[in-house]
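Reviewing the structure listed below.
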Amino acid sequence: MENHRIADIFDEIADVLELQDESVFRIRSYRRGARAIRDLPEDVRTLVERGELLKVPGIGKSLTEKVEEILGTGTSEFYEKIKKAPEYKLLPLLRIPGVGPRHAIQFYRVLGIVTVDDLEEAARAGRLHDLERMGEKLEERILKGIEQYRRRTGRFRLAEGMLHAEAVAAKVGKLKGVTRIDIAGSCRRMKETIGDIDILVISKSAKKVMDVFTSMKSVSEVIARGATKSSVLLEAGIQVDLRVLRRENYGAALHYFTGSKDHNVAIRDRAKRRGLRVSEYGVFNVETAERLGGASEEEVFAALGLPFIPPELRENSGELEAADEGRLPRLVEAGDIKGDLHMHTTATDGRNTPREMAVAARRLGYRYVAITDHSKAVRVAGGLDAEELRAHIEAIRKANKEVDGIEILAGVEVDIMKDGGLDLPDDVLRQCDVVIAAVHSGFNMPEARMTRRILKALENENVNILAHPTGRLIGEREPYEVDIEAVIAAARKCGVALELNAFPDRLDLKDVHCRAAREAGVKISIGTDAHAVAHLANMRYGVGTARRGWCEAGDILNAMTLPKLRKFLARRRRDRAKPGV
DNA sequence: GCCGTTTTCGGCCCGACTGTTTTCAGTCG
């Protein structure tokens with residue numbers, strides 16, 4: 001996948017242009033282009049080959065040419081020129097909170113500062129505060145920013161951010177006078193990683209809210225404190241912004257601070273065309289200054305002639321057009337989920353027995369679960385060989401008889417070997433109700449070989465689900481090289497479901513791939529890959545990701561009733577058994 | 001640099017907070 005590399009190049013170009021005080025619109029175009037490419041559901045190369053890159057919103061003639069040049073030669077003439085510019089060396093300075101392009105360029109021009117170390121030294125020596133419009137407080141703030149920059153690991157995983165956000169919301173929400181509290185921002189949109197946490201509050205006593213918020217035990221630093229807005233840094237390193245709002249503005253603010261930025265820009269653009277202005281205070285008629293609403297998000301959308309758009313869709317990736325044409329999906333909800341088809345037990349590397357997992361799942365309101373322990377290739381997990389799996393299946397059948405109110409399906413997560421063969425013989429796989437196939441080794445093969453390997457595994461008539469199809473670990477391991485389009489097409493042909501692994505480190509398939517799979521008519525199985533009872537709760541992140549992928553309940557395998565699920569699982573083998581099929 | 005039911009030229013989202021200043025620049029979201 002070259003998408004990330006090209007997107008990073010465009011972002012770097014934007015940063016340098018900003019340091020060079022170029023047109024803000026030109027800069028914005030590079031940033032928008034970077035984002036568009038980063039979020040593509042498929043390899044930018046295939047898009048170029050089909051001649052469709054120009055159709056992507058935000059990508060025009062100039063960026064298309066640069067993408068083609070980079071794909072062909074590995075770089076672009078313009079990018080090379082940018083890299084030679086003196087400002088290029090200053091990019092790390094921009095990553096320091098509190099340092100923007102104006103400061104960075106001032107430090108460079110006046111004091112010759114290039115590196116973060118230079119800046120730290122200058123700040124410590126008190127050489128910054130004599131600069132124009134600089135003072136001792138800014139100097140101090142920059143030193144703190146450098147500290148934060150050094151500590152910082154980048155974005156946080158959704159699950160981690162959500163837990164912190166919910167802890168803060170619980171604390172502030174308990175206060176007297178707080179009549180409403182919401183987590184907004186990328187958490188609300190269920191984005192796979194979050195940069196910071198946004199919390200909105202309606203309260204009569206804003207001061208009290210700010211007092212409590214800024215003095216929580218988990219706060220390591222108060223970054224800003226105002227009458228309506230405060231920001232803190234938690235010990236965990238996550239920044240939390242909290243705003244206190246008036247009831248009549250609340251919907252407009254909630255919409256605004258939920259984002260995404262691109263969605264907001266598109267909304268305001270739409271408003272402008274209609275002679276309206278949208279801000280976090282409401283929707284206004286530009287000429288008469290009349291206020292057309294803003295107490296609820298519904299009012300904001302309605303003022304623009306739109307139905308409510310769920311937060312997970314607000315990425316400016318077609319949701320406004322779909323809303324306009326009345327074809328917004330009816331997104332899958334937590335309550336639609338009827339079971340969990342991927343979990344491990346003490347038979348391999350899990351911490352609970354099949355029985356314990358099933359009882360916990362029943363408490364979640366599920367109708368069925370599948371126990372899917374590892375096969376022998378996963379040595380570290382104590383994977384099962386054929387004999388052990390047979391015994392395990394027996395144990396699962398027995399547990400199923402003992403536990404009422406939920407069906408325990410016997411399954412396995414069988415490894416896909418390097419040649420595309422499976423780690424266990426067909427006769428034992430045939431005894432399973434559910435077979436999940438997965439790649440756990442040999443991640444570094446070339447794309448063509450990896451794609452062949454997975455496609456061959458999908459051909460095996462016993463396979464029902466392909467687990468974590470790209471193998472990525474968010475922030476830790478890049479996905480392996482695989483032609484995801486080909487995998488989706490093969491899944492469709494073979495009647496195999498693709499998993500949306502809900503484990504917080506994975507969320508794999510990711511949102512844009514879910515959307516592509518759904519559009520191709522492939523079923524998505526949202527599985528938690530739970531290794532303990534507590535992990536079953538991660539389903540929410542899988543559902544959130546599926547919603548970001550525009551999935552409806554009908555697209556989700558484990559939203560099916562048990563009889564329908566059984567039919568889906570059995571169909572493959574039956575079809576194969578028919579002569580001539 | 002992108003884009004078009006106002007336009008192929010001339011637009012391109014809006015506001016809070018901070019610090020350094022007596023009206024604003026920079027950063028951030």
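We use all heavy atoms of the structure for the numbers below, so side chains are in, but hydrogens, waters and symmetry mates are not. Chain A is the first sequence line, chain B the second, and so forth, proteins listed ahead of strands; every chain is numbered from 1.
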> Quick one: what's the B/S/- string for nucleotides 3-12 of chain B, heavy-atom cutoff under 4.0 Å, read 5' to 3'?
Replying inline: S--B-----B
> Of N264(A) and R225(A), whose nearest nucleotide on DNA chain B comes first from the 5' end?
Replying inline: N264(A)
> Looking only at heavy atoms, which two atoms of V240(A) and F213(A) are closest? And how far apart?
Replying inline: O-CZ, 3.5 Å
> Within this structure, what is the CZ-to-P distance between R268(A) and dG15(B), rounded to whole angstrom?
Replying inline: 7 Å
> Whole Å only: how far is the CD1 atom of I223(A) from the C1' atom of dA16(B)?
Replying inline: 15 Å
>> I need a per-nucleotide contact map over nucleotides 19-29 of chain B, read 5' to 3'. Cutoff is protein heavy atoms under 4.0 Å; write B for the base, S for backbone only, - otherwise.
In response: BB---BSSSSB
> Are more than 12 heavy atoms from other residues, nucleotides or ligands located less than 6.0 Å from atom CZ of R268(A)?
Replying inline: yes
>> With a cut-off of less than 4.0 Å, is there a side-chain N or O of Y281(A) near OP1 or OP2 of dC13(B)?
In response: no
>> Expressed as a whole number of angstroms, how long is the span from H263(A):NE2 to dC14(B):C1'?
In response: 15 Å
>> Between F156(A) and H164(A) (judged by ring centroids, cut-off 6.0 Å), do the two rings come close enough to count as a pair?
In response: no
> For the pair made of CZ in F284(A) and C1' in dG15(B), what is the distance, rounded to whole Å?
Replying inline: 12 Å
>> If the cut-off is 4.0 Å, is S279(A) near the phosphate of dC14(B), judged by side-chain N/O to OP1 or OP2?
In response: no
>> Please report the distance, rounded to the nearest Å, between CG in L276(A) and P in dC14(B).
In response: 12 Å
> How far, in whole Å, is dT18(B) from dT23(B) if one measures between their C1' atoms?
Replying inline: 15 Å
> Can D508(A) and T470(A) be counted as having a side-chain donor-acceptor contact under 3.5 angstrom?
Replying inline: yes
> If we take the P atom in both dG15(B) and dG10(B), what is their distance in whole Å?
Replying inline: 27 Å
>> Heavy atoms only, 4.0 Å cut-off, all strands: where does T228(A) land among base, sugar-phosphate and nothing?
In response: sugar-phosphate
> Base, sugar-phosphate, or nothing: which does V278(A) touch, judged by heavy atoms less than 4.0 Å apart?
Replying inline: sugar-phosphate
> Can you check the Q20(A) CD to dG1(B) P distance for me, whole Å?
Replying inline: 12 Å
>> What's L63(A) touching, base or sugar-phosphate or nothing? Going by heavy atoms closer than 4.0 Å.
In response: sugar-phosphate
> Taking the C1' atom of each, how far is dG11(B) from dG19(B), in whole Å?
Replying inline: 33 Å
> Should the pair R127(A)-E136(A) be classified as a salt bridge under the 4.0 Å nitrogen-to-oxygen rule?
Replying inline: no
>> I'd like to know if R314(A) and D262(A) make a salt bridge, using a cut-off of under 4.0 Å between side-chain N and carboxylate O.
In response: no
>> Suppose we define a pair by two distances each less than 3.5 Å, Watson-Crick or G-U wobble; what does dG4(B) pair with here?
In response: dC9(B)
> H535(A) vs F503(A) aromatic rings, parallel, tilted or perpendicular, using cut-offs 30° and 60°?
Replying inline: perpendicular
> Which heavy-atom pair separates D336(A) from L331(A) by the least distance, and what is that distance?
Replying inline: OD2-O, 4.4 Å
> How far, in whole Å, is dT20(B) from dC28(B) if one measures between their P atoms?
Replying inline: 16 Å
>> Please report the distance separating the C1' of dC12(B) from the corresponding atom of dT22(B), rounded so that it comes out in whole Å.
In response: 33 Å
> Is A227(A) touching bases, backbone alone, or none of the nucleic acid, heavy atoms closer than 4.0 Å?
Replying inline: sugar-phosphate
>> Give me the distance, rounded to whole Å, that separates dG1(B) from dT8(B) when you measure between the C1' atoms they each carry.
In response: 15 Å
> When you check the gap from the basic side-chain N to the acidic O, do R189(A) and E315(A) get nearer than 4.0 Å?
Replying inline: yes
>> Please check if the number of heavy atoms outside R330(A) that lie under 6.0 Å from its CZ is greater than 12.
In response: no
> How far does the C1' atom of dC17(B) sit from the matching atom of dT7(B), given to the nearest Å?
Replying inline: 37 Å
> Taking atom NZ of K137(A) as the centre, does the number of heavy atoms from other residues, nucleotides or ligands within less than 6.0 Å exceed 12?
Replying inline: no
